[in-house]
Engineer: 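Got a structure for you, written out below as structure tokens; questions coming shortly.
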Amino acid sequence: MLKPLKIGSLVLQHNVVLAPLAGITNLPFRLLCRQEGASLAFTEMVSVNGLVREGIKTLALLRSSPADRPLGIQLFGDKPVDLAEAARMVEGYGDLLDINMGCPVRKVVGTGAGSALLLEPLKIAAIVRAVRAATNLPLTIKIRSGWHCGDNVFQEVGHIAEAEGCDAITLHPRSRSLMFTGQADWSHLAQMKAALSIPVLGSGDLFTPDDCLRMLHETGCDGIMIARGALGNPWIFRQVQELAQSHHYTPVTTTERATAITHHLNLFIEEKGEAVAVREIKKHIGWYAKGFAGASEIRRAANSAQSTQDILMLTERIRNVANRTDNVSETDAE
Ligand SMILES: Cc1cc2nc3c(=O)[nH]c(=O)nc-3n(C[C@H](O)[C@H](O)[C@H](O)COP(=O)(O)O)c2cc1C
């Protein structure tokens with residue numbers, strides 16, 4: 001089920017990619033997920049208004065490195081002219097351009113961007129046309145099923161995107177009104193796949209390697225985007241590949257969790273300095289510290305960590321647990 005995926009001129013080694021996640025998919029997190037096997041990663045969504053008005057300052061959000069390839073850049077905005085200008089500005093920074101048409105948060109939809117665009121299919125056509133004319137990068141859009149539950153515009157939008165020159169489309173099959181509640185309706189993915197010739201990527205409720213293969217199998221979609229399932233869990237990319245090849249996958253050990261925290265911290269320090277690194281890694285420890293005895297205490301302690309030293313002491317505590325429990329069934333895991 002895992003196979004190379006062609007999006008315009010870009011050929012990915014396989015079809016399991018890291019989704020864009022605001023506040024999460026910065027350079028350190030992308031590098032970690034790539035080391036575990038993600039075939040493509042996206043920047044956090046970048047404001048077109050910021051790019052067009054503040055230029056260089058916003059371009060700093062696109063910081064990358066040679067190991068951080070191939071890179072998808074995600075833009076959000078609502079004006080075709082501005083999106084086209086932004087597309088020209090970012091062309092040298094990545095290998096693919098995606099336009100966010102799914103973000104449900106008030107701050108974004110209040111400006112007419114994100115999932116608010118699903119209320120205006122004609123505007124979507126104008127945006128894709130303008131951006132297509134502005135860049136040679138492979139172009140994709142990422143959408144939800146519609147604004148309200150039941151007003152499923154995804155097929156209409158899919159046809160528009162294809163006709164205007166999009167190279168692929170990602171669907172997160174929830175309405176905007178559901179935000180992140182309820183269950184993603186994967187049947188929409190199967191419908192989208194049946195309706196279009198361009199590749200369709202699926203997003204929504206991919207929390208385990210089994211979920212990933214099930215989505216590919218049940219919907220026939222061409223690729224999948226892992227989002228919340230990668231939080232504190234970059235290993236999911238390695239595990240999906242293992243599962244596809246050998247019908248089982250190796251669980252993550254507690255030692256690997258401690259090592260990942262240290263590695264992630266060091267990547268943050270290199271990128272943003274110590275103060276920001278400590279603040280950022282605390283959030284991630286909340287996700288990494290799961291599935292072993294004493295995990296909830298580690299999460300609590302992380303909240304009050306002040307320095308790199310404090311974080312390293314926590315990883316030592318996790319290693320001590322690991323020495324006692326790795327290779328033993330994690331019976332009192334939290
Ligand atoms: C914290 C958070 C930030 C997100 N940021 C973005 C974003 O910047 N751009 C985007 O297209 N989707 C964003 N999403 C949506 C995800 O990419 C994904 O489509 C959604 O979470 C459904 O997948 P999941 O159920 O597997 O998490 C975000 C989701 C979360 C939870």
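One-based numbering, in listed order, for ligands and for the atoms of each. A quick note: this is a predicted structure, and the numbers were derived from the prediction, not measured. Note: hydrogens, waters and symmetry copies are ignored here, and every other heavy atom, side chains too, is used.
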Engineer: Side-chain heavy atoms nearer than 4.5 Å, only ILVMFWY residues, links allowed to pass through others: does that put Val109 and Ile99 together?
Structural biologist: no
Engineer: List the closest protein heavy-atom neighbour of atom 24 (P) of ligand 1: residue, atom name, distance to the nearest 0.1 Å.
Structural biologist: Asp205 N, 3.4 Å
Engineer: Scan side-chain atoms only and decide if Thr208 and Asp211 contain a donor-acceptor pair under the 3.5 Å cut-off.
Structural biologist: yes
Engineer: Any chance you could pull the hydrophobic cluster mates of Leu10, using side-chain heavy atoms under 4.5 angstrom and chaining through other members?
Structural biologist: Leu5, Ile7, Leu12, Val17, Leu40, Phe42, Leu96, Leu201, Met225
Engineer: Note the single closest protein heavy atom to atom 28 (C) of ligand 1, along with its residue, its atom name and the distance in Å.
Structural biologist: Leu21 CD2, 3.6 Å
Engineer: Relative to ligand 1, is Arg228 under 4.0 angstrom through side chain, backbone, both or neither, heavy atoms considered?
Structural biologist: both
Engineer: Does ligand 1 have an atom that lies less than 4.0 angstrom from a heavy atom of Gly23?
Structural biologist: no
Engineer: Which bit of Lys142 gets closer than 4.0 Å to ligand 1, counting heavy atoms only: side chain, backbone, both or neither?
Structural biologist: side chain
Engineer: Is there a donor-acceptor pair closer than 3.5 Å between any side-chain N or O of Arg174 and the backbone N or O of Asp185?
Structural biologist: no
Engineer: Check if Phe76 has a non-hydrogen atom at a distance under 4.0 Å from any atom of ligand 1.
Structural biologist: no
Engineer: Need the ligand 1 atom indices (1-based, order shown) with element for anything under 4.0 Å from a heavy-atom of Met45.
Structural biologist: 8 (O)
Engineer: Which ligand 1 atoms does Leu206 reach within 4.0 Å, using its non-hydrogen atoms?
Structural biologist: 26 (O)
Engineer: Closest non-hydrogen protein atom to atom 11 (O) of ligand 1, residue and atom name please, with distance?
Structural biologist: Gln74 NE2, 2.8 Å
Engineer: For atom 21 (O) of ligand 1, which protein heavy atom lies nearest, and how many Å away is it?
Structural biologist: Phe180 CE2, 3.3 Å
Engineer: Kindly write out the residues that satisfy ring pair (Phe, Tyr, Trp, His ring centres under 6.0 Å) with His284, not counting sequence neighbours, or none if the list is empty.
Structural biologist: Phe29, His264, Phe268, Trp287
Engineer: Which ligand 1 atoms, with their elements, are less than 4.0 angstrom from a heavy-atom of Ala22?
Structural biologist: 3 (C), 4 (C), 5 (N), 6 (C), 7 (C), 8 (O)
Engineer: Output yes when Arg88 and Glu85 qualify as a salt bridge under the 4.0 Å nitrogen-oxygen rule, no when they do not.
Structural biologist: no
Engineer: Establish, for the pair Arg319 and Phe292, whether the NZ or CZ atom is under 6.0 angstrom from the six-membered ring centre and no further than 45 degrees off its axis.
Structural biologist: no
Engineer: In the protein, what heavy atom is nearest to atom 23 (O) of ligand 1, and what distance, to one decimal place, separates them?
Structural biologist: Ser203 OG, 3.3 Å
Engineer: Below 4.0 Å, non-hydrogen atoms only: which portion of Met225 touches ligand 1? Side chain, backbone, both or neither.
Structural biologist: neither
Engineer: Provide, to 0.1 Å, the distance between atom 13 (C) of ligand 1 and the closest protein heavy atom, together with that atom's residue and name.
Structural biologist: Pro20 O, 3.1 Å
Engineer: Counting only heavy atoms, which portion of Phe42 has something under 4.0 Å from ligand 1: side chain, backbone, both, or neither?
Structural biologist: neither
Engineer: Tell me the contacting part of Ala19 for ligand 1: side chain, backbone, both, or neither, using a 4.0 Å heavy-atom threshold, strictly below.
Structural biologist: side chain
Engineer: What I'd like to find out is whether the side chain of Lys142 reaches to under 4.5 Å of the side chain of Gln74, using heavy atoms alone.
Structural biologist: yes
Engineer: Decide if atom CZ of Phe207 counts as having more than 12 heavy atoms of other residues, nucleotides or ligands within a radius under 6.0 Å.
Structural biologist: yes
Engineer: Any donor and acceptor pair, going by atom type alone, linking the side chain of Glu44 with main-chain N or O of Gly23 inside 3.5 Å?
Structural biologist: yes
